[in-house]
Student: 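Before I ask anything, here is the structure I am working with.
Note that the coordinates shown come from a computational prediction; the quantities given were computed from them, not determined experimentally. As the structure lists them, so they are numbered: ligands from 1, and atoms in each ligand from 1. Along the sequence shown, residues are numbered consecutively beginning with 1.
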Amino acid sequence: MKLHVLGSGTVCPSLRRASSGYLLEVGEELLWFDMGAGTLRRFLEGEFALERVLRIFLTHTHPDHTSDLVPFCFALNYAPGWSGRNLTLYGPNGLWHFLTHLGAAWSWVEPRKWERHVHEIDEHEIIDLGHCKVGAWRVAHGELNALCFRVEAEGRVFCYSGDSGVCDNLVKAARDSDLFLCECSIPAAYPAMPGVHLTSAEVGQVATRAGARRVVLTHLYPQADEVDILAEVRGHYAGVLERAEDGSCFQV
Ligand SMILES: [Zn+2]
Ligand SMILES: [Zn+2]
């Protein structure tokens, strides 16, 4: 598997970091995780083939993880060369409700020239795609239904935290992972947000508890780029540690 970072950022508009979005290359397929603002542009910059995208996985419905769904679905209806697709959208309970409201506001994003399948994922459900297995766990992110994902393929394990505070499910999902893509929202100097986001220390503690072999930090606010965020995490985690940048690529 190969991880391509489309957006390593957050709610903060940033030239360096688009909002959340990742492609996980599994064989010929590109599994798209989250679709925050700017990730569609990064997808084009990376010259990825649209034909390879068959499934989109959404961790939760916050705009920094979903807003590029609007121009994406609009393009699938009206942009030459984009229509005629068959796509499955996976996400937490409430995804149907969310898409219905999106369609009520912008009827032009409702599927007209493409086929949309929607799959609301139950807690602990494992989706067997044949060439890989995708497991979903409910994580702590305020009042929202939010998921993290664990993908197993080619004898390797990839885990993506989505947005999450410390919780046992996140540790379970990241258990013995070869690459744990983990949100790192709060540097040490800022107040913690228990049950919503992870501090740098908590990232290290969760990764250590999970036995993750390698951690890539993401969901980085501008304040995380003003400190040595890797050093902050390293105080609590002894494995391989890196930081995501838009356009970066990691072999899982
Ligand atoms: Zn977020
Ligand atoms: Zn969020």
Student: Any idea which N/O/S atom from His141 gets closest to the Zn ion (ligand 2)?
Tutor: NE2
Student: Do you know which of Thr61, Thr66, Leu69, Leu58 makes side-chain contact (heavy atoms from CB on, under 4.5 Å) with Leu99?
Tutor: Leu69
Student: Which N, O or S atoms belonging to the protein are less than 2.8 Å from the Zn ion (ligand 1)?
Tutor: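 Listed by chain and number: Asp64 OD2, His65 NE2, Asp163 OD2, His219 NE2.
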Student: With a 4.5 Å cut-off on side-chain heavy atoms, are His197 and His141 touching?
Tutor: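 Of all side-chain heavy-atom pairs linking His197 with His141, at least one is under 4.5 Å.
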Student: Tracing side-chain links under 4.5 Å among I, L, V, M, F, W and Y, which residues wind up in one group with Ile126?
Tutor: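 So far as hydrophobic clustering goes, Ile126 is joined with none.
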Student: Under 4.0 Å between a Lys/Arg side-chain N and an Asp/Glu carboxylate O for Asp178 and Arg156?
Tutor: yes
Student: Each residue besides Val151 in its hydrophobic cluster should be listed here, by chain and number; the cluster joins Ile, Leu, Val, Met, Phe, Trp and Tyr at side-chain heavy-atom distances under 4.5 Å.
Tutor: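 Grouped by the 4.5 Å side-chain rule, Met1, Leu3, Val5, Tyr22, Leu24, Val26, Leu31, Phe33, Phe57, Tyr90, Ile121, Ile127, Leu129, Val134, Leu147, Phe149, Phe158, Tyr160, Leu179, Leu181, Val216, Phe250, Val252 form the rest of the cluster around Val151.
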Student: Test of understanding: with ring-ring contact (aromatic ring centres under 6.0 Å, His included), list the residues that count as partners of His131, not counting sequence neighbours.
Tutor: none
